[in-house]
Amino acid sequence: MSTDVTGVTGVVVRLKLSLLRNGLRQSGGRRAAYIASAVVVLLFAALQLLGLIMLRGNAHADTVVVFLVAVLALGWAVMPLFFPGGDETLDPTRLVMLPLRPRPLVRALLAASLVGIGPLFTLCLFIGSVIAVAHGGLAYVVGVIAVVLALLVCVALARAVAAANIRLLTSRKGRDLAVLSGLVIALGAQVVNFGAQRLGSSGLTPLDPAADVLRWVPPASAIGAVRSVSEGSYGIGVLQLTLTATALIALIAVWSRHLTRLMTSPDGSTLQTATEAAVRERNSTGPARLLPAGRTGTVMERSLRYAWRDPKTKAAWVTSLAIGLIVPLFNALQGTGSIYFACFAAGMLGIQMYNQFGQDTSAFWMVAMTISSRRDAYVELRGRALALLLITLPYAALVTVLTTALLGDWPKLPEVLGLSFALLGAMLATGAWTSARFPYSIPQEGYKNVAPGQTGLAWISIFGGMIAAALLCAPVIALTIWLNVSESGDGWTWLLLPGGAAYGAALTLLGLHLAAPRTASRLPEILTAVSKG
């Protein structure tokens with residue numbers, strides 16, 4: 001292959017188009033999904049472009065477009081971390097065997113990065129941003145330069161981030177990061193929703209100081225230059241464009257340096273020295289010494305290791321921890337929440353008890369080999385429940401205290417904690433039973449959490465168990481309502497804390513005892529069900 005710039009660029013661009021075309025030829029479903037997604041994205045881009053054009057002349061138009069460009073740049077920076085498989089050309093290690101120099105390759109990959117729906121979507125929004133703030137012929141000329149520079153900065157930023165982290169993205173930790181992408185999107189949506197509600201009552205004026213800072217941060221500084229030129233501040237506009245161009249040059253230099261290292265250095269990311277292994281082993285055994293001896297401690301340690309190392313289990317845990325905190329706190333911050341929303345934390349983590357054996361996937365056969373009696377099954381389930389309680393109990397208490405502090409409703413703290421503990425006990429009990437009665441497999445690859453053909457089992461296991469847990473909590477809920485509405489019950493609500501904790505513990509023990517014999521008698525069926533993925 002020629003190393004001529006034009007030749008390399010053309011070949012890489014054609015390679016990108018070929019990869020896209022061949023991917024669409026794999027199946028009609030994939031082709032239909034791509035076309036449908038492209039239509040939706042382009043339609044959304046057209047609507048955004050129209051909205052930005054209509055924003056022209058608004059007093060806060062400049063603030064809106066500056067934040068829009070900054071958010072788009074942030075998206076370009078983080079998307080390669082969460083979706084490394086979305087673009088095959090993001091992995092430059094696939095080209096290490098070719099006689100290519102880094103500088104022509106950087107230009108070729110930069111040109112190839114401009115091919116796709118993402119760049120077109122970004123281009124539409126940048127054009128709309130320029131139209132929204134440009135006034136005068138010179139401003140439009142600067143706007144053309146600003147659009148080109150801003151788009152190139154976004155693309156170069158994505159490439160530089162991908163090149164700097166490509167070893168991570170192609171490793172197990174990288175797959176962990178990709179699995180957690182849904183959580184980040186969910187958290188971002190909650191933050192945006194909270195911010196939108198806050199701005200809805202006060203307008204966009206509070207964002208003006210932040211926008212004044214972002215106007216000097218590339219690539220938003222390029223759009224800031226259009227506004228500066230429109231106001232006659234030509235020197236400031238030139239300086240802002242210069243900042244964007246400098247950022248582009250710096251990103252390309254960083255990208256080129258990482259690309260050179262990737263193309264010339266061996267991959268030692270998965271190697272580990274004996275000293276590092278010894279240190280890691282010593283660190284891993286430290287906390288384990290605090291666990292109970294015997295099978296119970298072994299099961300607890302195994303469950304905690306799964307929660308830390310297995311991508312799907314880790315994603316489920318982190319999602320539950322984050323959402324269990326966000327829902328009560330965000331509602332409390334908005335002034336519309338109730339202290340009883342704190343029970344959401346215990347409910348989210350209680351879900352982790354469901355499908356315990358499915359989380360082991362095909363490795364469950366090693367556990368099954370150690371279960372030969374009801375007692376073995378009981379100790380196995382008890383160890384898993386204790387591992388979950390080790391995290392859930394302090395976490396539920398912390399969320400309840402934080403929610404109470406934000407709402408200032410301290411008298412209700414004992415009863416909410418009692419309700420949380422009762423709910424957690426009910427979910428542990430029903431989760432242990434449904435794990436033995438309705439096990440299903442969790443695929444290790446991709447984003448699916450249920451193997452094909454087992455969706456019904458998952459629905460019965462999770463939602464059926466949650467309904468049963470709610471019914472089991474009915475006595476504590478009824479007692480809470482009675483103590484709050486009764487004139488003579490105000491001074492006795494503190495009893496709900498020890499009462500709810502004792503009731504939850506009793507439910508957990510009862511559920512484990514009922515699930516143990518079913519687990520011991522259904523080991524072959526459970527092993528078959530959890531190994532289908």
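If you read the sequence from its start, that first residue is 1, and numbering goes on from there.
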Residue pair [X] / [Y], side-chain heavy-atom distance below 4.5 Å:
X: M427; Y: Y354; result: yes
X: I391; Y: L304; result: yes
X: L52; Y: I131; result: no
X: Q240; Y: T244; result: no
X: F438; Y: I462; result: no
X: R215; Y: I236; result: no
X: T403; Y: F341; result: no
X: W76; Y: V153; result: no

### Candidate pair L325 and F344, rule side-chain contact (heavy atoms from CB on, under 4.5 Å), full reasoning
CA-CA 8 Å; L325 180 67; F344 199 79; over 6 Å; no
### Task
Ignoring hydrogens and angles, tell me if any N or O in the side chain of S441 forms a donor-acceptor pair with the backbone of G358 under 3.5 Å.
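Pair absent, no side-chain N/O of S441 close to backbone of G358.
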### Task
Output yes when a side-chain donor or acceptor of R227 lies under 3.5 Å from a complementary backbone atom of G237, and no otherwise.
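Looks like no, no N/O pair under 3.5 Å.
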What distance do [X] atom [atom1] and [Y] atom [atom2] have between them, rounded to the nearest 0.5 Å?
X: W308; Y: T313; atom1: CH2; atom2: OG1; value: 13.5 Å
X: S256; Y: L110; atom1: OG; atom2: CG; value: 12.0 Å
X: D62; Y: D212; atom1: CG; atom2: CG; value: 8.0 Å
X: L152; Y: L114; atom1: CG; atom2: CG; value: 6.0 Å
X: L68; Y: T122; atom1: CG; atom2: OG1; value: 9.5 Å
X: H60; Y: F67; atom1: NE2; atom2: CZ; value: 12.0 Å

### Message
Ring-plane angle category for F357 and F364, please: parallel below 30°, perpendicular beyond 60°, tilted otherwise.
### Response
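It falls in the tilted class, 30° to 60°.
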Distance-minimising heavy-atom pair for [X] and [Y]:
X: A38; Y: I117; answer: CB-CD1, 3.3 Å
X: L407; Y: S338; answer: CD1-C, 3.6 Å
X: P439; Y: V530; answer: CB-CG1, 4.0 Å
X: N355; Y: S435; answer: N-OG, 3.0 Å
X: L157; Y: A73; answer: CD2-O, 3.5 Å
X: V399; Y: G324; answer: CG1-O, 3.8 Å

### Message
Assess the residue pair L49 and L125 against the criterion (side-chain contact (heavy atoms from CB on, under 4.5 Å)); give the C-alpha distance rounded to whole Å, side-chain angles, the decisive distance to 0.1 Å, and a yes or no.
### Response
CA-CA 6 Å; L49 176 61; L125 266 61; over 6 Å; no
### Heavy-atom neighbours of W216 CH2 exceed 12 at 6.0 Å
yes
### Task
Please lay out, stage by stage, how S303 and L388 fare under the test side-chain contact (heavy atoms from CB on, under 4.5 Å).
CA-CA 8 Å; S303 299; L388 192 147; over 6 Å; no
### Task
Decide yes or no on side-chain contact (heavy atoms from CB on, under 4.5 Å) for F126 and C154, but give the supporting numbers first.
CA-CA 11 Å; F126 284 170; C154 288; 3.8 Å; yes
